[in-house]
Protein chains: 2
Amino acid sequence: MAAEFDKCGISCIHEAAVTEAREHMINEEKAQALADTFKTLADPTRVKMLFALLNRELCVCDLAAVIGASESAVSHQLRMLRTQRLVKFRREGKIMFYSLNDNHIITLFEQGIDHIGHS
Amino acid sequence: MAAEFDKCGISCIHEAAVTEAREHMINEEKAQALADTFKTLADPTRVKMLFALLNRELCVCDLAAVIGASESAVSHQLRMLRTQRLVKFRREGKIMFYSLNDNHIITLFEQGIDHIGHS
DNA sequence: TTGTCATATGAACAACTGTTCATATGACAA
DNA sequence: TTGTCATATGAACAGTTGTTCATATGACAA
């Protein structure tokens, strides 16, 4: 039942399952993009920031006050959230208001909380 | 309209919004647990491993063959996936078969893919 | 202009992550 | 027992991450 795959030289046991899994495998770019999205959610500071934005827009120093971090740290993290398009912003004078970009984050949080609940 | 919060000494601008956000804030433990869950999904190798397990169980060397990584690397990553209860396993002789622990991962992937699709 | 406020950015640094290589374990066969 | 196979684990190391501190930008007021 054992078989060899020339491609990588790694031996495997269940050829049919491996072949099928390979055919449906996500491609490298998408895997990286998906990992990058989750990476953006993979830090307690950013989790709290997004949580704070669930029902309202907030400016940078509001966010800093809510989660108890420096404004500089918050600003750095906001850049990452912007890059991953998890938040959007609008300017009003000197103040930048940040809010959630779409509601995928809400669903992701719900599923995540649901998962950690099943301990 | 500006106000000071004694607690952390950080000035903020929109007191009402900050107070409300604070009242609904996720606690430190949950934020960390949520971040840890997302951290587990935040690596392309693990993304591919979970993707391979979407519709079938696979053993360690199968997984290594599917994603093109060493069996050692896969085994290390499986430990993390086990710790976060994203995969479960059963033994059959010397072989360990891994499979998804619940369907939260499926929903998380769907939402994640949906998000990266909105570029 | 000059000054101040809100935010952004760059450099630096400790802490963490994922891989590789070597070794260990545990199950089975001979 | 001994040997082998499938998997797990530990140490080590480069690469990455999140924070802090200092500095820069950009908007508004005087």
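Heavy atoms only: backbone and side chains are in, while hydrogens, waters and symmetry mates are out.
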Does [X] reach the main-chain N or O of [Y] with its side chain, forming a donor-acceptor pair under 3.5 Å?
X       : Y       : value
B:Asn27 : B:Lys30 : yes
B:Thr83 : B:Arg79 : yes
B:Arg46 : A:Ala35 : no

For [N], take OP1 and OP2 only and decide whether either is under 4.0 Å from a side-chain N or O of [X].
X       : N      : answer
A:Arg46 : D:dG18 : yes
B:Thr45 : C:dT19 : yes
B:Ser70 : C:dT20 : yes

Mutual orientation of the aromatic rings belonging to A:Phe97 and B:His14 [parallel < 30°, tilted 30-60°, perpendicular > 60°]: tilted
Quickly work out the [X] [atom1] to [N] [atom2] distance and round it to whole Å.
X       : N      : atom1 : atom2 : value
A:Glu92 : C:dT7  : CD    : P     : 11 Å
B:Gln77 : D:dG10 : CD    : C1'   : 16 Å
A:Tyr98 : C:dA8  : OH    : C1'   : 8 Å
B:Gln32 : C:dA15 : CD    : C1'   : 13 Å
B:Phe89 : C:dA27 : CZ    : P     : 13 Å
A:Asp43 : C:dT17 : CG    : P     : 11 Å
B:Met80 : C:dT17 : CE    : P     : 7 Å
B:Leu81 : D:dT7  : CG    : P     : 15 Å

What's the closest nucleotide to the [X] side chain, out of [options]?
X       : options               : answer
B:Ala73 : C:dT19, D:dT9, D:dA8  : C:dT19
A:Lys94 : D:dG10, C:dT19, C:dC5 : C:dC5
A:Lys39 : C:dT7, D:dT7, D:dT17  : D:dT17
B:Arg79 : C:dA8, D:dG18, D:dT9  : D:dT9
B:Ser72 : C:dT20, D:dT7, C:dG10 : C:dT20

First of A:Ile95 and A:His76 reached from the 5' end of DNA chain C, by closest nucleotide: A:Ile95
ILVMFWY network linking A:Leu100 to A:Val47, side-chain heavy atoms under 4.5 angstrom: yes
Partner nucleotide, any strand, of D:dA30 [Watson-Crick/G-U, under 3.5 Å]: C:dT1
